[in-house]
Amino acid sequence: MTTPTKIASWNVNSLNVRLPHLQQWLDAAAPDIVGLQETKLEDARFPDAALAEAGYRSVFAGQKTYNGVAILSRTPAEAVQVGIPGFEDEQKRVIAATVGDVRVVNLYVVNGQDVGTDKYAYKLRWLEAVQGWLMRELLAHPKLVVLGDFNIAPDARDVHDPAVWNDDHILTSTAERDALRRLYDLGLHDAYRLHHEDGGVFSWWDYRQAAFRRDMGLRIDLTLVSEALRGDCSGAGIDREPRTWERPSDHAPAWVELAR
DNA sequence: ATGGTTGTAACACAA
């Protein structure tokens, strides 16, 4: 009997502001691997020493003000890849690394602002590039975990109000969901859905309109596991608690467990 | 439907 490997994803919306929350949550949840998004820190300012004190090594790719991703792990991360190979992008949205026998791809998917905008077009182009890359990545690394802030709610169960969050709305539009489906078609499975058929469980709540208090959320923070890992995936969930803390991120951490 | 809030930074922009 071995302890499962716990792998989590959390959009912290500024690691500078949220470091105390991250430390508290690492202590309580004891994940083995964590993908962070929206660190909003240049690499020189990344708090790797503080995280080492908590027992985690860090690899990271950041920039000032926007974006920024990192992978924390208890054991060393190897073969670190920043960005999507062959896709020019100034925005730091992607970091991948091998931890133990698992390849971890951490994505901060483009938000897209509104359907029909330039940013929406960039989101769809970006997702197409991710799809091509993951197809190749799976050949090299069959044991693949793709996690992150996907900025796409997979289906109507993953939104508080499907009438508002419909086929024409950002984060739920047909083209965005089609792009996500093409990742599923590579043999990647939404780990949460492997264990839960229920709806109404969310990972993100807008800061506005008291959305968290009213549980007006979306499930947009996902962990996809490859076919080779599907049978090992023993559980998945979302920790709502950090969203109740003072001055929280607008996202809650999502996690999966892999029997190793 | 528009505006609501947060973070960074700088009085706008992205989410």
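Predicted model only: the values in this text are computed from it and were never measured. So you know, we letter chains A, B, ... as the sequences are listed, proteins then strands, and number each from 1.
- For the side-chain contact (heavy atoms from CB on, under 4.5 Å) test, no residue two or more places apart in sequence or in another chain qualifies with A:A28.
- For the pair A:W245 CH2 and B:dT6 P, the interatomic distance rounds to 18 Å; values are reported in whole Å.
- Applying a 4.0 Å cut-off to non-hydrogen atoms, the residues of residues 17-27 of chain A that approach DNA chain B are A:V17, A:R18, listed by residue number.
- The stretch residues 119-128 of chain A participates, sequence neighbours left out, in these salt bridge (charged side-chain N to carboxylate O under 4.0 Å, His left out) pairs: A:K123-A:E176.
- Side chain of A:H160 to backbone of A:F202: no donor-acceptor contact under 3.5 angstrom is found.
- A:W205 has its CH2 atom 16 Å from the C1' atom of B:dT6, to the nearest Å.
- Within the structure, salt bridge (charged side-chain N to carboxylate O under 4.0 Å, His left out) contacts touching residues 241-258 of chain A (residues at least two apart or in different chains) do not occur.
- Along DNA chain B, the nucleotide closest to A:A210 and the one closest to A:S14 are compared, and the more 5′ of them pairs with A:A210.
- Nucleotides B:dT5 and B:dA9, compared at atom P, are 22 Å apart to the nearest Å.
- When the C1' atom is compared between B:dA1 and B:dA12, the two are found 23 Å apart, to the nearest whole Å.
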Between protein and nucleotides 12-15 of chain B, what N or O pairs are separated by less than 3.5 Å?
residue	atom	partner	partner atom	Å
B:dA14	OP2	A:K119	NZ	2.8
B:dA14	O5'	A:K119	NZ	3.0
B:dA15	OP1	A:R93	NH2	3.3

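- The distance between atom CG of A:D161 and atom P of B:dA1, rounded to the nearest whole Å, is 13 Å.
- Rounded to whole Å, atom P of B:dG7 lies 14 Å from atom CZ of A:R45.
- For the P atoms, the distance linking B:dT2 with B:dT6 amounts to 23 Å, nearest Å.
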Hey, can you pull the donor-acceptor pairs under 3.5 Å for the side chains in residues 143-159 of chain A, sequence neighbours left out?
residue	atom	partner	partner atom	Å
A:K143	NZ	A:D101	OD2	3.1
A:D149	OD1	A:N151	N	3.0
A:D149	OD2	A:N11	ND2	2.9
A:N151	ND2	A:V109	O	2.9
A:D155	OD1	A:R157	N	2.8
A:D155	OD1	A:R157	NE	3.2
A:D155	OD2	A:R157	NE	3.4
A:D155	OD2	A:R157	NH2	2.8
A:R157	NH1	A:E197	O	3.1
A:R157	NH1	A:E197	OE1	2.9
A:D158	OD1	A:R193	NH2	2.9
A:D158	OD1	A:R219	NE	2.8
A:D158	OD1	A:R219	NH2	3.2
A:D158	OD2	A:D155	N	3.0

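- Rounded to an integer number of Å, the gap from A:R247 CZ to B:dT5 P is 15 Å.
- Straight-line distance between the P atoms of B:dG7 and B:dG3: roughly 22 Å, to the nearest whole Å.
- A centroid separation of less than 6.0 Å is found between the aromatic rings of A:W25 and A:W10.
- Panel note: side chain A:T172, backbone A:N166; a donor-acceptor pair is recorded below 3.5 Å.
- Look at CD1 on A:I170: it is 16 Å from P on B:dA1, rounded to the nearest Å.
- Using modelled atom types and a 3.5 Å distance limit, the side chains of A:Y192 and A:S203 yield no donor-acceptor pair.
- We find that A:D178 and A:R181 are joined by a salt bridge, their nearest charged nitrogen and carboxylate oxygen being less than 4.0 Å apart.
- Atom CG in A:D114 sits about 12 Å away from atom C1' in B:dA1, given to the nearest Å.
- For the pair A:D168 CG and B:dA1 P, the interatomic distance rounds to 11 Å; values are reported in whole Å.
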